Amino acid sequence: DGYLAVIDNILRGNSSYIRYVYEALDNYIEHNRGTLSESTIYGYSKDANRMTSIHKIRIRKLTSADIQKMINELSEKGLAPKTLRNTYGTLSASLSFAGLRHDFIVHFPAKAKKVTVSPENEQVAQLYAAASDKMKICIALAGCHSMRRGEIAALKYKDLEGNKLSIHADIVWGIDNKWHYKETPKTDDSNRTVFLPPMLLDLIGSGAPEEFILGINPNTIGENFRRLKEKVGIDIRFHDLRHYFASVAVVLGIPELYTE
């Protein structure tokens, strides 16, 4: 009965009924579910699930020490400083949404220095030579146009007009534990147009307008790349191809490409 009462009050928007941290988190997520994207809500839900150690603490008895202990425990489990900050951000927003004024003092681990890895020419050439046609497309699009796995997986044949490829969508993981095709707003900076050379157009081929060019999800791209690099004996990430952006065209024998 208590649980059903909590849910009923959450759906009615009665934040005064919220007593525990888990109720505040659920309330915040539910009220944003119809407004924010599925991937954002999924992120909030992951944040909430990390905070089990403070779920059953009354929000008005929650202290900086409680939160710091949770942050320390999550840090010891290997969570990155950015993830810890995002998790605390979801907690802070949930408490504020529930009407609780707070001024917690919390410290986070120092951010690790980012190390940018740009693959060597020979490494990219070896990977490309050993890749399947689908992975050749992925390697070229990541290396020549700095495309992310989600953007590559979202490409449809309708996005290709002649040699002009329009990048305006993403494949994202939803709160229902399924992949979803998501159009990005026209004003989004990630929307762009790229021009492809004949060799890539031959690999891509043709298909129905709504047919996906690759027909695989971002995780499959990552897994296929992992197997490819192990086969070739090269230790780089798929993301590192984006750092190779400026010079990969020379290695692949692709004429100069333009992005607008």
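On a predicted model such as this, the values are computed, not experimentally measured, just so you know.
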- For N224, which residues count as a side-chain hydrogen bond (donor to acceptor under 3.5 Å, both in side chains) partner, sequence neighbours excluded? none
- Item | Smallest separation among heavy atoms of V194 and H145, with atom names | CG1-ND1, 3.3 Å
- Query: Counting only heavy atoms not in E161, do more than 12 fall under 6.0 Å of its CD?
  - Reply: no
- Query: Can you check whether I213 reaches E211 side chain to side chain, under 4.5 Å on heavy atoms?
  - Reply: no
- Please tell me if the side chains of F225 and L127 come closer than 4.5 Å, counting only heavy atoms from C-beta onward. yes
- Task: Locate the shortest heavy-atom distance separating L141 from L155; write the atom from each residue and the value.
- Result: CD1-CD1, 3.6 Å
- Task: Using a strict 4.0 Å threshold on nitrogen-to-oxygen distance, state whether E30 and R33 make a salt bridge.
- Result: yes
- Are the side chains of P81 and F108 in touch, meaning some heavy atoms are under 4.5 Å apart? no
- Carefully, step by step, assess K56 and V21 under the rule side chain to side chain contact (heavy atoms under 4.5 Å, CB included). CA-CA 6 Å; K56 294 186 178 180; V21 170; over 6 Å; no
- Item | R50: partners by side-chain hydrogen bond (donor to acceptor under 3.5 Å, both in side chains), with sequence neighbours left out | D47, T87
- Do K164 and L160 have side-chain heavy atoms sitting under 4.5 Å apart? no
- Item | Closest contact, heavy atoms only, I59 versus A24 | CG2-CB, 4.2 Å
- Message: If I compare all heavy atoms of I167 with all of M147, which pair ends up nearest, and what's the gap?
- Response: CD1-SD, 3.5 Å
- Note on the structure: Taking every heavy atom of N219 against every heavy atom of N217, the minimum-distance pair comes out as N-OD1, 2.9 Å
- Message: If we count only N and O atoms by modelled type, under 3.5 Å, do the side chains of E183 and H168 hold a donor and an acceptor together?
- Response: yes
- Message: I'd like to know if the side chain of K136 and the backbone of Y128 have a donor-acceptor N/O pair within less than 3.5 Å.
- Response: yes
- Item | Test item: I221 and F238 side chains (from C-beta on) under 4.5 Å apart, heavy atoms | yes
- Scan side-chain atoms only and decide if D159 and S166 contain a donor-acceptor pair under the 3.5 Å cut-off. no
- Query: Should the pair E73-K77 be classified as a salt bridge under the 4.0 Å nitrogen-to-oxygen rule?
  - Reply: no
- Message: Side chains of E76 and N72: any donor to acceptor distance under 3.5 Å?
- Response: no
- Message: Any carboxylate oxygen within less than 4.0 angstrom of a Lys/Arg side-chain nitrogen, looking at E210 and K156?
- Response: yes
- Task: Could you walk me through whether V172 and E38 pass the side chain to side chain contact (heavy atoms under 4.5 Å, CB included) test, one step at a time?
- Result: CA-CA 8 Å; V172 298; E38 286 197 11; 5.7 Å; no
- Sorted by chain and number, sequence neighbours left out, salt bridge (Lys or Arg N to Asp or Glu O under 4.0 Å) with R85 holds for none
- Task: Run the salt-bridge test on E151 and R148 with the 4.0 Å N-O cut-off and return the result as yes or no.
- Result: yes
- Under 4.5 Å between any side-chain heavy atoms of I234 and V124, yes or no? no
- Query: Donor-acceptor pair, Q68 side chain versus A65 backbone, under 3.5 Å?
  - Reply: no
- Query: What are the two closest heavy atoms between Y157 and G205, and how far apart are they?
  - Reply: CE2-O, 3.4 Å
- Query: Counting distance only, does the side-chain N/O of D26 pair as donor-acceptor with the main-chain N or O of E23 below 3.5 Å?
  - Reply: no
- List for me each residue that meets side-chain hydrogen bond (donor to acceptor under 3.5 Å, both in side chains) alongside S37, sequence neighbours excluded, and say none if there are none. S39, T40
- Task: Please work out which of the three classes, parallel, tilted or perpendicular, describes the rings of Y22 and H55, given edges at 30° and 60°.
- Result: tilted
- Task: Give a yes or no on whether K158 atom NZ has more than 12 heavy-atom contacts from other residues, nucleotides or ligands under 6.0 Å away.
- Result: yes
- Task: Mark yes or no for whether H31, through its side chain, and N27, through its backbone, hold a donor-acceptor pair below 3.5 Å.
- Result: yes
- Sorted by chain and number, sequence neighbours left out, side chain to side chain contact (heavy atoms under 4.5 Å, CB included) with N32 holds for Y28, L36, I41
What donor-acceptor contacts under 3.5 angstrom involve side-chain atoms of residues 94-102, with partners at least two apart or in another chain?
| from | atom 1 | to | atom 2 | distance (Å) |
| --- | --- | --- | --- | --- |
| S94 | OG | T90 | O | 2.7 |
| S96 | OG | S92 | O | 3.1 |
| S96 | OG | H102 | NE2 | 3.2 |
| H102 | NE2 | S92 | O | 3.3 |
| H102 | NE2 | S92 | OG | 3.4 |

